[in-house]
Structures are given as C-alpha cells and as structure tokens.
Amino acid sequence: RNRMPLVGTFGSGASKGFGQTRGGSPYICATGGCVSFCGVYKMHTFNSPTSFVVNKVPDAALAEVEYLVVGAGGGSTPSRSGGGGAGGFRESCGAEAGCYSVSPLAAPNASIQVTVQSYPISRGAGGATGPAPGVGGTGGTSTFSSITSGGGGGGASHGPGVGVPGASGGGGGGQSPFGGGGGNSPSTSPPQGTGGGNGTWSGGPHNEAGGGGGGAVQSGGSGSGNQAGTGGNGTSTSIIGSSTAYAGGGGGQQQASGGGKAGGNGGGGPGASPSGPPAENGTANTGGGAGGGGRTGGSGVVILRYRYK
C-alpha cells in the first residue's frame, strides 16, 4: 500500500506524523501474547486464545498491522490412515512493517488498520485422533480481526476411505474409495491450502496405505502400490525476523515394510509403518497435520507485526 509521506512540525524542527501529541510517539502501543523485537518493529506471537490490546493509536496513518494467521492441523486414525491436512495459512504482504520476506501466499495490500480496542485472538487446537474405521478430527480455526484461517481436514482410515475436506484436505485411507479431502475450504484468495492425496491398495493383505495430507502450497502425495503418500509442503515467512515454515501436511501410514512417509515441511508429522518409527503428531504452533497412524494435528498460531518506534 503506497502512502504519501506525512510530515508535521512540532517544536524545534521535529518530524512527526499528523495527529501526534507533542513529545510523544506517533506509533501503535499494544500488549498481548509473547512479545519480541526486530529493530524498530514489534511482534506479538499468540500460542493460546487471548487478546491483542491496542492502547494507543496517535496517528491513524501509522496504525497498520501485518499478520500471519495459521489454523490447526487435522488428526489421523490408527489404521491404514491418511495424514492430516495442514491448517490454513494466511499472511499479509509485509509492506507496512519492514518489507520482510513473505510466503508466496501473501495477500497484496492486506495489512489491518487497528484502532484503540481489544482484538480477540483465537488459536486453533490440533485435530484429535479418530477411530478406526473412521476419520481424524478437523483442526480448529485461528482468527485475528477479519482474518480467519480454517483447520486442516482429518486423514481417513481403511473404512470410510475419503479424507476430510478442510483448509488443507486430509489424506485418503487405504481402502476404496481412497480419495483425499479437498482443500481451501472455506475458500479464500489467495488459497489457504491444498487437497489431500489418495490412498492406495495393491491387492492382498498388508498392502493398504494412506495418502498424505495437503500442505499450504503443495497437495498431499497419493499412495502408489503398497506405499503411502508424503505430506504436502508448507511455506515459510520471516515475519518473526527469521525464516520459519508453517502448515505442512502429515505423511500417510502404510502396512508394507519400509519407513513411514515423511510429513511436509512446516510441521507435518511422518506416518507410521511396521518397520519404521511410530507416527508423530503435527508440530505445535505450526498448523502441521498429523502423521497417519493415530496422531493429533499441530496447533495453530497468530503472529502480528508493526512499527513501534
């Protein structure tokens, strides 16, 4: 968002934004969450439901807040399960708070102009482990102001077969109809996620395998033969000052030998296999999907950034 420079003279030649009280800062003053700093920019990270409290906005032209809002990942089931889909990933463009490196999903001209008030923050909880046969739980939504990121869909077992739709869809189970759940539900632009991969069965016992859960920028991998699909990759942003990945899908579970399939970059849990380690939960505070094999999705996160001095 391009703005004309705002210059007002207060006292002996000081340059301030219009609307500033003489001698005071023209920038936002706010509290809430875990606070960190990067030069003249202040970040609030919310890993639990609470509020972002704006105490002062001396100059409305300097009241823009950049955001990252990530929903929670979906869960999986204990039997021949697809991986959980990642939570929705939504991010502003970063132009108002230091032009840091943003993800390919950053929305243009999308910072939020705040006023003096308390903004409730909702941070989604990870989707629960589901029954077998059945589907994993859908992750919870995360919200700030008008921005809502949905939860990832749960991975399906061998019974229902079809993964749950969500911000990113859960992987299909290892039995017909095998389908992965659809992504970007509810629909946003840019899209907040992708679809889950299909499950597979190559015939005979111990040959069923689940698809990978969808990630923020890559669909979950489909199973092939008796091998499960990998989780779709998430994406990275430097909103907290260093590049961090979020919203990876969970890897699918398989009955055949070989290691479980990897989760997507950004907190997706790996799936289970008989000769490999057990499945893992999605990573907390990343929105990662659960690995196939009866695990929970990773919780979401909300991060806000603005100039404070």
Side-chain angles (χ1 to χ4, degrees), residues 71 73-88 127-139 150-187 191-204 207-233 247-256 260-264 268-269 271-273 279 282 288-295 297:
S76 67
T77 80
S79 179
R80 292 158 276 185
S81 175
T129 298
V135 294
T138 297
S157 75
H158 64 286
V162 178
V164 179
S168 284
Q175 191 177 83
S176 180
F178 304 120
N184 195 32
S185 178
S187 179
Q192 59 177 314
T194 64
N198 298 332
T200 183
W201 177 51
S202 59
N207 285 318
E208 297 169 310
V217 296
Q218 182 185 39
S219 298
S222 292
S224 178
N226 60 10
Q227 299 294 299
T230 57
N233 283 329
Q253 179 187 22
Q254 65 189 47
Q255 294 179 300
K261 292 303 180 283
S273 74
R295 293 294 183 263

>> How long is the straight-line distance from OG of S224 back to CG of N198, given to the nearest 0.5 Å?
In response: 11.5 Å
> Taking S219 for the side chain and G196 for the main chain, is one N or O donor matched with an acceptor at less than 3.5 Å?
Replying inline: no
> About how many Å separate CD of Q254 and CD of Q227, when rounded to the nearest 0.5 Å?
Replying inline: 4.0 Å
> Where do R80 and S157 land on the side chain to side chain contact (heavy atoms under 4.5 Å, CB included) test, with the steps shown first?
Replying inline: CA-CA 5 Å; R80 292 158 276 185; S157 75; 5.9 Å; no
> So which heavy atom on A279 is nearest to which on G292, and how close?
Replying inline: CB-O, 3.3 Å
> Looking only at heavy atoms, what is the nearest atom pair of T194 and A216, with distance?
Replying inline: CG2-O, 3.7 Å
> How far apart are the closest heavy atoms of G150 and A167, and which atoms are they?
Replying inline: O-CB, 3.4 Å
> Nearest heavy-atom pair of A132 and S79: which atoms, and what distance?
Replying inline: CB-CB, 3.6 Å
>> Can you give me the closest heavy-atom contact between G153 and T138, atom names plus distance?
In response: CA-OG1, 4.3 Å
> Between the main-chain N or O of N233 and the side-chain N or O of Q218, is there a donor-acceptor pair closer than 3.5 Å?
Replying inline: yes
> Roughly how far apart are T129 OG1 and R295 CZ, rounded to 0.5 Å?
Replying inline: 7.0 Å
>> With a 3.5 Å distance limit and no angle check, can you tell me whether S76 reaches the backbone of G294 through a side-chain donor-acceptor pair?
In response: yes
>> Any non-hydrogen side-chain atom of Q175 less than 4.5 Å from a side-chain atom of P133?
In response: no
> For A156 and G161, which heavy atoms make the closest approach, and how far apart are they?
Replying inline: CB-C, 3.7 Å
>> I need the S202 OG to E208 CD distance, nearest 0.5 Å.
In response: 9.0 Å
> Roughly how far apart are Q192 CD and N184 CG, rounded to 0.5 Å?
Replying inline: 5.5 Å
>> Please check: side-chain N/O of Q253 versus main-chain N/O of A228, any donor-acceptor pairing under 3.5 Å?
In response: no
> Can any side-chain N or O of T200 pair as donor or acceptor with the backbone N or O of G225 at less than 3.5 Å?
Replying inline: yes
> How many angstroms lie between CD in Q255 and OG in S273, if you round to the nearest 0.5 Å?
Replying inline: 11.0 Å
